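Structure first, then comments.
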Amino acid sequence: MLLTLHRTIKTQLQAAVKKSFEIELALADITAEYPPKTELGDLAFPIAFEIAKRLKAATGTKQNPRQLADKLRSELQAIDGVARIETAGAGYINFFLDRGRVFNTVFNAEKSLKLDEITGGKLIVEHTSINPNKAAHIGHLRNAVLGDTIVRMLQASGETVETHNYIDNTGVQVTDVVVGFKYIENKTLTDIEAITERFDYYCWDLYAQVGKFYEENPDNKKLRAQTLHEIEQGEGETALIAEHVSNRILKAHLDTMWRLGIAYDVLPRESDVLHLNFWQTAFEKLKEQGGIYFETEGKNKGCWVMRAEDKTETPAEDETESQYEADKILVRSNGTVTYTGKDIAYHLWKLGQLGLDFHYRPFYTYSNGKPVWITTAKEATENGKDLGFGNGVAYFNVIDVGQSYPQAYVKLGVKLLSTDDRIDRSAHLAYEKVVLTPASAKELGYELSEADSKRTQVSMSGRKGLGVKADDLIDKLEEKVFAKVNSDDRYSEVSLAERKDISHRIAVSALRYFLLKYTRSSVIAFDFEEAQAFEGETGAYLLYAVVRGNSIFRKLREQGKSTEVNLTSEEINNLLSLKENSGWDGDYLWGLIYFASRLPDSLRLSISSLEPTHLAKYSYHLASSFSNFYNKNAYKLIEQKDNTRYQLLVALVGYVRCQLEQALRILTGVEPVEKM
RNA sequence: GCGCCCAUAGCUCAGUUGGAUAGAGCAACGGCCUUCUAAGCCGUAGGUCUGUGGUUCGAAUCCACAUGGGCGUACCA
């Protein structure tokens with residue numbers, strides 16, 4: 001309804017502009033804003049400034065925007081749903097909405113966040129994609145939480161989403177751990193299978209040892225090359241060890257992420273991209289298309305390369321060596337394909353432009369019964385092919401900013417072979433790293449080099465075993481919350497299992513919100529205190545606001561009071577413009593309702609910018625407004641004797657609570673707890 | 001060299017794509033438990049938006065240059 005109203009107002013303004021100034025404005029050129037204060041109205045249009053600019057360009061004389069605004073104002077007809085129109089400031093035209101009408105509409109409307117500008121086709125979101133060779137750390141959590149929140153945002157808006165977690169099971173990282181098992185620990189597959197301690201933690205330590213192993217003796221690096229080759233061949237004990245390690249670590253990762261409510265639909269594996277000849281197919285297509293080149297001279301002699309976007313022509317002879325640097329090698333001179341090459345093939349498959357498919361088998365089942373499928377190179381008895389994975393109308397890759405360069409070439413490569421615009425809708429969602437402060441690194445017990453101690457931040461490094469393990473952090477947070485829950489009288493009647501569950505949900509909302517409150521481009525300098533906070537701007541606060549809203553309704557039910565609402569627009573209008581010494585302030589209440597109604601706007605903004613922070617900040621702001629309302633005596637429902645006021649407050653609390661709960665689900669994946 | 005990102009309150013960060021008086025949290029100080037749950041609320045204090053120019057009705061936001069940080073630019077992934 002609000003959307004329709006916006007459109008009606010813009011159309012009116014458009015007509016007024018044409019009539020008064022003979023200027024044709026597109027609806028898209030008319031921007032609406034929310035005024036900074038309720039007294040200034042509900043919608044503001046800085047359109048007079050735009051007109052002044054255009055008039056000056058056309059006639060050369062300056063115009064006073066305020067006078068132009070007054071002129072436009074006088075041309076506007078009465079609009080259904082608009083109470084009054086004013087000009088203000090240097091030239092704003094401000095609209096005051098019919099509060100009763102708006103409130104009745106949003107209160108009675110379906111409480112879904114479906115947006116009308118969705119793509120409609122299947123969107124593929126790839127996130128997490130951790131090398132399956134060691135435990136997940138806090139940086140991986142940032143990736144997964146960002147990705148999962150984007151999945152939830154898109155789903156809430158009405159999109160169909162498929163979630164991928166790409167498994168690089170044949171890369172150097174898995175290889176290194178295999179080297180560790182075979183050549184440092186001299187273990188066989190049977191020995192490794194018999195390891196009973198936490199496997200992802202075991203490999204975390206082993207991986208750090210392998211780094212030292214290579215440093216001690218450069219010859220040891222030859223073992224890596226040899227092992228990598230054996231793994232790529234896919235035969236023999238070495239390949240079986242790699243398979244065991246990557247599968248077992250992968251399961252550990254799925255467990256870790258599931259603790260935060262993060263799940264995947266399908267796990268495409270690099271080994272299957274290789275064995276099913278995805279690359280060969282893509283390679284033939286690329287050669288046929290002519291977008292890649294075989295270098296016969298220069299430093300890339302013998303390689304197949306792709307040119308940078310702005311120079312697809314063969315460079316002239318006088319161009320310097322440095323300009324060649326931008327070319328990306330897809331096939332090495334020894335004939336093997338690079339990661340970028342493989343990724344182009346994989347992304348062609350994602351967008352249904354390769355003409356090949358994986359085989360699939362079930363790999364894992366979440367505690368709620370939802371299965372996760374994994375790709376295989378062989379026909380499986382329980383094949384998931386009919387599930388129709390891949391073939392999306394766009395992909396979104398949540399990958400750290402460090403990989404922007406190869407990601408740009410993946411997009412370029414796919415675009416060469418694209419038959420439609422789905423690649424243009426696709427995007428690499430780059431995000432910055434989570435780093436440690438020297439202080440937090442020391443707190444973890446790491447000895448820093450002199451150079452590192454002087455830095456403001458220290459990168460986490462699996463190779464050095466330096467980092468905060470995801471499960472350790474979640475454990476710590478849960479313990480911290482549990483300690484508080486246990487010492488609080490409010491939970492005295494609550495069972496132990498329930499207290500654990502409540503602690504878990506609070507911890508998850510706190511941790512996820514912590515990772516979402518930064519913009520993607522902001523480096524997070526990890527701080528134990530901040531990451532484990534549950535006061536102030538945190539996920540726990542958001543959850544608390546929802547719980548308070550729920551408890552109002554629980555109290556009303558316990559007291560046998562009705563929660564039926566049946567008010568006319570006139571009654572609502574009266575209450576929302578009333579101001580009394582008792583503390584009742586209609587403007588204030590209207591401000592809260594109107595702000596709560598903007599959740600879809602916030603979601604739209606977060607989706608269009610692929611930036612969950614906007615939704616997180618909005619949600620916190622709404623929770624904060626609700627808490628302020630909650631503390632005002634004039635609005636206590638329990639004590640409200642006047643029936644119309646009671647109904648209005650019931651409707652208001654119900655509406656705000658519902659908006660907050662939807663936001664909470666998207667951001668944290670958590671269902672509200674009973675008590676907090 | 002080239003390219004990308006960042007610089008806003010003591011600290012950590014937002015700032016709706018150029019709009020009205022630059023906002024939060026933490027930390028500090030003062031007040032509020034006779035609770036629709038104090039994991040909360042209210043108040044006070046805190047700013048040369050890194051610097052210098054430019055664009056215009058208007059700039060934290062756009063442009064140029066400068067300074068200081070981070071990252072990328074592999075026949076690694």
Side-chain angles (χ1 to χ4, degrees), chain A residues 31 33-37 40 44 46 48-49 52-53 56 62-66 88-92 94 131 168 171-173 270 299-303 305 320 322-323 325-326 329-334 336 338-340 342-343 400-406 430 432-433 435 455-457 459 481 484-485 488 490 506 510 517-519 521-525 527 529-530 533-538 540-541 543-545 547-549 551-556 558-559 598 601-602 604-606 608-609 613-614 616-618 620-621 624 627-628 630-632 635-640 649 653 675-676:
Chain A
T31 51
E33 295 166 7
Y34 295 112
K37 290 194 162 190
L40 292 168
F49 301 116
K53 191 180 288 177
K56 193 195 166 196
K62 281 191 185 180
Q63 304 272 351
N64 182 341
R66 181 61 188 261
Y92 288 93
N94 294 340
N131 277 301
D168 184 2
V172 285
Q173 294 223 22
E270 182 177 82
K299 65 171 189 170
N300 291 340
K301 186 178 177 184
C303 300
V305 305
T320 61
S322 66
Q323 284 169 290
E325 278 181 13
I329 292 167
L330 300 185
V331 180
R332 302 180 187 105
S333 55
N334 68 4
T336 56
T338 62
Y339 164 82
T340 309
K342 281 180 274 191
D343 230 25
D400 80 271
V401 67
Q403 299 206 38
S404 299
Y405 182 73
E432 271 290 356
K433 294 186 299 184
V435 301
R455 288 164 164 261
T456 52
Q457 45 186 247
S459 288
V481 177
K484 183 174 169 64
V485 165
D488 194 319
R490 278 180 266 175
I506 295 170
K517 69 185 220 186
Y518 301 88
T519 48
S521 60
S522 169
V523 177
I524 299 180
D527 180 280
E529 288 301 314
E530 260 180 85
F534 38 78
E535 283 169 14
E537 191 197 337
T538 65
Y541 180 93
L543 181 56
Y544 192 57
V547 172
R548 281 177 146 182
S551 68
I552 291 175
F553 281 98
R554 192 182 57 237
K555 269 276 175 15
L556 293 180
E558 281 169 12
Q559 300 193 359
R598 291 187 224 160
D601 292 328
S602 177
R604 183 181 294 110
L605 176 65
S606 265
S608 64
S609 56
T613 301
H614 295 133
K617 295 279 177 189
Y618 166 85
Y620 169 71
H621 190 9
S624 174
S627 292
N628 177 277
Y630 181 89
N631 273 276
K632 288 189 193 289
Y635 310 127
K636 299 234 151 133
L637 262 161
I638 294 286
E639 291 159 22
Q640 188 53 253
L649 292 174
V653 171
K675 282 188 179 178
M676 239 182 116

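Here is the naming used below: chain letters follow the sequence lines, and residue numbers restart at 1 for every chain. Predicted model, so just to flag it, every value in this text is computed and none were measured.
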(message) For a quick check of understanding: with a heavy-atom distance under 4.0 Å over all strands, which category does A:Ser404 fall into, base, sugar-phosphate or nothing?
(response) nothing
(request) Measure from the side-chain heavy atoms of A:Ile506 and tell me the nearest of B:G25, B:A77, B:A39. (result) B:A39
(request) Return the nearest nucleotide to the side chain of A:Ser609; candidates are B:A14, B:U17, B:C57. (result) B:U17
(request) Measure from the side chain of A:Ser459, starting at C-beta and using heavy atoms only, and say which of B:A77, B:A39, B:C71 lies closest. (result) B:C71
(request) Give a yes/no answer on whether the side chain of A:Arg66 brings an N or O atom under 4.0 Å of OP1 or OP2 in B:G58. (result) no
(request) Would you kindly compare A:Val485 and A:Thr340 by the position of their nearest RNA chain B nucleotide and give the one closer to the 5′ end? (result) A:Val485
(request) Let me know the distance between CG of A:Asn631 and P of B:C36, rounded to the nearest Å. (result) 9 Å
(request) Please report, rounded to the nearest Å, how far the P atom of B:C41 is from the OH atom of A:Tyr635. (result) 17 Å
(message) Any non-hydrogen side-chain atom of A:Ile552 less than 4.5 Å from a side-chain atom of A:Tyr630?
(response) yes
(request) Starting at atom OH of A:Tyr339, determine the distance to atom C1' of B:A74, rounded to an integer number of angstrom. (result) 14 Å
(request) Check if the side chain of A:Lys617 and the base of B:G23 share a donor-acceptor pair of N or O atoms closer than 3.5 Å. (result) no
(request) Compare the minimum distances between each of B:G58, B:A14, B:C36 and the side chain of A:Lys555, then state the nucleotide with the smallest one. (result) B:C36
(request) Just compare B:A39, B:C57, B:C41 and give me whichever is closest to any side-chain atom of A:Phe49. (result) B:C57
(request) Pick base, sugar-phosphate or nothing for A:Ala44, based on heavy-atom distances below 4.0 Å to the nucleic acid. (result) base
(message) Nearest to the side chain of A:Tyr620, heavy atoms from C-beta on, is which of B:A77, B:A24, B:C41?
(response) B:A24
(message) Of the listed nucleotides (B:A39, B:C5, B:A20), which one gets closest to any side-chain atom of A:Phe534?
(response) B:A39
(request) Check whether any side-chain heavy atom of A:Tyr618 lies under 4.5 Å from a side-chain heavy atom of A:Ser606, and answer yes or no. (result) no
(request) Sort out the partner of B:C2 for me: Watson-Crick or G-U wobble, both distances under 3.5 Å, none otherwise. (result) B:G72
(message) Can you confirm whether A:Glu529 is buried at CD, in the sense that more than 12 heavy atoms of other residues, nucleotides or ligands lie under 6.0 Å from that atom?
(response) no
(request) Report the base-pairing partner of B:A60 (Watson-Crick or G-U wobble, both distances below 3.5 angstrom), or none. (result) none
(message) Is A:His614 close enough to B:G15 that one of its side-chain N or O atoms is under 4.0 Å from OP1 or OP2 there?
(response) yes
(message) Within the structure provided, determine whether A:Tyr34 and A:Arg598 are in side-chain contact (heavy-atom separation under 4.5 Å).
(response) yes
(request) Select from A:Pro36 and A:Ala540 the residue whose nearest nucleotide in RNA chain B is closer to the 5' end of that strand. (result) A:Pro36
(request) Ignoring backbone atoms, establish whether A:Thr519 has a side-chain N or O less than 4.0 Å from OP1 or OP2 of B:A14. (result) yes
(message) Closest approach to the side chain of A:Ser624, judged atom by atom: which nucleotide of B:G40, B:C13, B:C41 is it?
(response) B:C41
(request) Tell me whether the OP1 or OP2 atom of B:C41 has a side-chain N or O from A:Tyr544 closer than 4.0 Å. (result) no
(request) Would you indicate, yes or no, if B:U16 has its OP1 or OP2 atom less than 4.0 angstrom from a side-chain nitrogen or oxygen of A:Ser602? (result) no
(request) Identify which nucleotide among B:C36, B:C75, B:G15 has an atom closest to any side-chain atom of A:Ile552, counting heavy atoms from C-beta outward. (result) B:C36
(request) Name the pairing partner of B:G51, where a pair is Watson-Crick or G-U wobble with both distances under 3.5 Å, or state none. (result) B:C65
(message) With rounding to the closest Å, how many angstrom separate the C1' atoms on B:G25 and B:A9?
(response) 12 Å
(message) Checking base pairs now: Watson-Crick or wobble, both atom distances under 3.5 Å. What partners B:A45?
(response) none
(message) Using whole Å, what does the distance between atom P of nucleotide B:A24 and atom NZ of A:Lys517 come to?
(response) 15 Å
(request) Mind telling me if B:U17 is syn or anti? Syn here is a glycosidic angle within 90° of 0. (result) syn
(request) Report yes or no: is the ring centroid of A:Tyr630 under 5.5 Å from the six-membered base ring centroid of B:C36, with the two planes under 30 degrees? (result) yes
(message) So, under a plain 3.5 Å distance rule, would you say the side chain of A:Asn300 forms a donor-acceptor pair with the base of B:A74?
(response) no
(request) Rounded to the nearest angstrom, tell me the gap between atom CD in A:Glu529 and atom P in B:G25. (result) 19 Å
(message) Quick one, A:Gln403 with A:Tyr339, criterion side-chain contact (heavy atoms from CB on, under 4.5 Å). Give me CA distance, side-chain angles, the key distance, then yes/no.
(response) CA-CA 11 Å; A:Gln403 299 206 38; A:Tyr339 164 82; 3.6 Å; yes
(request) Answer yes or no: side-chain N or O of A:Ser521 and base N or O of B:C5 forming a donor-acceptor pair under 3.5 Å. (result) no
(request) Based on the glycosidic angle (syn within 90° of 0, else anti), state the conformation of B:C65. (result) anti
(message) Using the side-chain heavy atoms of A:Tyr405, tell me which of these nucleotides is nearest: B:C57, B:A77, B:U73.
(response) B:U73
(message) Tell me whether the side-chain N/O atoms of A:Arg332 come closer than 4.0 Å to OP1 or OP2 in B:C76.
(response) yes
(message) If I take atom NZ in residue A:Lys53 and atom P in nucleotide B:G58, what distance separates them, rounded to the nearest angstrom?
(response) 10 Å
(request) Remember a base hit wins even if backbone is also touched, and classify A:Val401 as base, sugar-phosphate or nothing at under 4.0 Å, heavy atoms. (result) nothing
